[in-house]
Structures are given as C-alpha cells and as structure tokens.
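For the numbers below, each heavy atom of this structure counts, side chains included, while hydrogens, waters and symmetry mates do not. Note that ligands are numbered from 1 as they come in the structure, with each ligand's atoms numbered from 1 the same way.
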Amino acid sequence: MSPVATILHEKRNGYSVITLSRPDRLNAFNEAQHKELRAALDECEADMACGAVVLTGAGRGFCAGQDLSDRAPGNSNERPDLGHTLETWYNPLVRQIRRMPKPVICAVNGVAAGAGANIALACDIVIAVKSAKFIQAFSRIALIPDAGGTYWLTRLVGEARAKALALTAHPLPATDAADWGLIWKAVDDDALMTEVAALAEQFAAGPTHAYALTKQAIHQASTNSLDAQLDLERELQREAGMSDDYKEGVAAFLEKRPADYRKAKTK
Ligand code: LHQ
C-alpha cells in the first residue's frame, strides 16, 4: 500500500498551492508532512514558471503545530530531544519559506496553533478567515514558542503583546491579529481562496526578481543600521535596474499599457 500523501501540491497558471493535508489532526506536523512540504517548496523554489506560493490547510484548521502523539515523552525515563526536532525539521522549513525568491502567501483557513501559527507568520503575506484563531499554544504544554515565534511576535506586535500571547496562550481572533499588524488581513470565510487566488495571480504576472529583492531588503531592515540599509538598497536597486523586468516596466508605463513581465522573462 502506498503511504497517504500528507500534502497536496497543485500547480496553477504561474503559481503553486500547497495544502497541508492531515485534516483529522488539524494538519499537525509529523515527519512525513515535513518531508513532503519541504520537497514541494524545493520544487516551487526551482520552478521558473512558479511566481508565487500559497500555503493553506485542508479541512477546518490551518495547522495545529507539532503532532503531539509523535513527540510525547510517555512514561519512560527517556525524554525526546525537541532541539533536534527543531534543528531537523522546523528551523530548515522556516528558513526555506523566508528565503523563497518569490512571495509566499499563507491562506489561514482555520485555527493556527503552536508551530502552525508561527509557520504562518513566517510567510510573506498572511490572509486569514475571520473565524480563525492564532494560538501560541506552547505554554499549555510547558514549552516555549518556536518556529520563529519569539522573533515574529516581538517584531510584529511588540514585546508587551508578544509576552501576553506567549505566556497566556490566548487564542487571538484573526480580526484582532489583523488590527494588531500580526497578519495582513482577515476576510470573510467564504472569500478566502478567491482573495488569495487574485493576489497569487497578481504576483504570478509580476516582476518576480524584484519581489525577491524586496523581501531580502525588508528582512534585513530590522537589524541593519540606516546606513547599512541605504547601502543595501543601493546594491539591490542596482541589480533590479539591470533587469529585463525593469526595462519592460518602464516601457509599459511610457506606452500607457500594462507591463508584460512574463514576456520580459523569456527574453
Ligand atoms: C492533534 C493536535 C496536535 C496531535 C489537534 N497533535 N493531534 C516543535 C518541536 C517539537 C515538539 C514539540 O512541538 C513543537 C512545536 C509545537 O507546535 S508545540 C505545540 C503543539 N500544538 C498544540 O499544543 C496544539 C494542540 N491542539 C489544540 O490545542 C487544539 O486542538 C486546537 C486549539 C488547535 C483546536 O481545538 P479544537 O478546535 O477543539 O479541536 P480538537 O482539539 O478537538 O482537535 C481535533 C482533532 O485534532 C483531535 O483529535 P480527535 O481524534 O479527538 O478528533 C485532536 O486530538 C487532534 N489534534 N492538535 N498538535
């Protein structure tokens, strides 16, 4: 019997949709799901025809983090090395999403808990259904936020809210998450995939390399000095300005027509 797929990877016109697919466990991660997700992301990274990646979940949840039945200490004296789990699976996943040279949109279709919440926050743009909740569930099981949680929370909502969310495991409604700037927006439940598809199509038709450079600059902004950031912008803009996409963008502007970046890519 072939193993059951734990993700679905659908290639659409110019972008990919990856769906975490263990709905009976709210798409909690086991090793198979990590492996399959990483392979799908590798494919998206290498595929020149893929201009954006959408990450979402099957069923009523987005992702409940680590599958706890896989990492239960049990009754024995042997304790699981969670640091090893992070080093092997979660940290490479977060790094892979971050460095993806095209926009990654997270379509949060339901509850996002534990590492599931923080993998969503690692994505470039997070759009959630209004009924979704973001839960830093870690303290309930005597752990600390991982998968970048302490990094995303502190930077996105500040120390006061970061500490309260992490220490209380308060289920933050998506509408509050949007008001606080933790995510881009919360939309009506039945509008999620239409909104996300429209955005992915916009990115698919857009200047992919400029998006990659923009991500790179923004990622470095919070740790760079102003001088270092200005230098970085100079270098990245130099690179952007040499591209066929820039040539096409300016030509389209001057000719008062929409830019055709797919055409520019084939030149
Ligand atoms: C689950 C899970 C789950 C297994 C729901 N595992 N089955 C990294 C490194 C290494 C190790 C440790 O962790 C980490 C990072 C982490 O992510 S730690 C945090 C792990 N996640 C959690 O603590 C969240 C656990 N889940 C929940 O608190 C609830 O399920 C939430 C609040 C997400 C949703 O609650 P409900 O809507 O009431 O759903 P439910 O609890 O009834 O769950 C539905 C089913 O999914 C249920 O199974 P059942 O057979 O009873 O229908 C749950 O057992 C299962 N499930 N999360 N993480």
**Message:** Tell me if a side-chain donor or acceptor on Trp152 pairs with a main-chain N or O of Ala147 at a distance below 3.5 Å.
**Reply:** yes
**Asked** Can a donor-acceptor pair be found between the side chains of His9 and Glu36 at a distance below 3.5 Å?
**Response** no
Show me a pair-per-line table, with atom names and distances to 0.1 Å, of protein N or O atoms that are under 3.5 Å from an N or O of ligand 1.
{"unit_1": "ligand 1", "atom_1": "6 (N)", "unit_2": "Leu68", "atom_2": "N", "d": "2.9"}
{"unit_1": "ligand 1", "atom_1": "17 (O)", "unit_2": "Gln66", "atom_2": "N", "d": "2.9"}
{"unit_1": "ligand 1", "atom_1": "17 (O)", "unit_2": "Ala115", "atom_2": "N", "d": "2.9"}
{"unit_1": "ligand 1", "atom_1": "21 (N)", "unit_2": "Ala64", "atom_2": "O", "d": "2.9"}
{"unit_1": "ligand 1", "atom_1": "37 (O)", "unit_2": "Arg60", "atom_2": "NH1", "d": "2.9"}
{"unit_1": "ligand 1", "atom_1": "37 (O)", "unit_2": "Arg60", "atom_2": "NH2", "d": "3.4"}
{"unit_1": "ligand 1", "atom_1": "39 (O)", "unit_2": "Arg60", "atom_2": "NH2", "d": "2.9"}
{"unit_1": "ligand 1", "atom_1": "46 (O)", "unit_2": "Asp24", "atom_2": "O", "d": "3.4"}
{"unit_1": "ligand 1", "atom_1": "58 (N)", "unit_2": "Ala64", "atom_2": "O", "d": "3.1"}
{"unit_1": "ligand 1", "atom_1": "58 (N)", "unit_2": "Gln66", "atom_2": "O", "d": "2.8"}

**Request:** Hydrophobic side-chain clustering at under 4.5 Å (ILVMFWY, transitive links): who's grouped with Leu230? Put none if nobody.
**Result:** Leu226
Donor-acceptor pairs are to be reported for all side-chain atoms of residues 160-169 against protein atoms at under 3.5 Å, with residues two or more places apart or in another chain.
{"unit_1": "Lys163", "atom_1": "NZ", "unit_2": "Glu159", "atom_2": "OE2", "d": "2.8"}
{"unit_1": "Thr168", "atom_1": "OG1", "unit_2": "Ala164", "atom_2": "O", "d": "2.6"}
{"unit_1": "Thr168", "atom_1": "OG1", "unit_2": "His170", "atom_2": "N", "d": "3.1"}

**Fill in**
Besides Leu236, the hydrophobic cluster formed by Ile, Leu, Val, Met, Phe, Trp and Tyr side chains linked at under 4.5 Å, directly or via other members, contains Leu213, Leu232
**Message:** Closer than 3.5 angstrom, by distance alone: can the side chain of Asn109 be matched with the main-chain N or O of Gly61 as a donor-acceptor pair?
**Reply:** yes
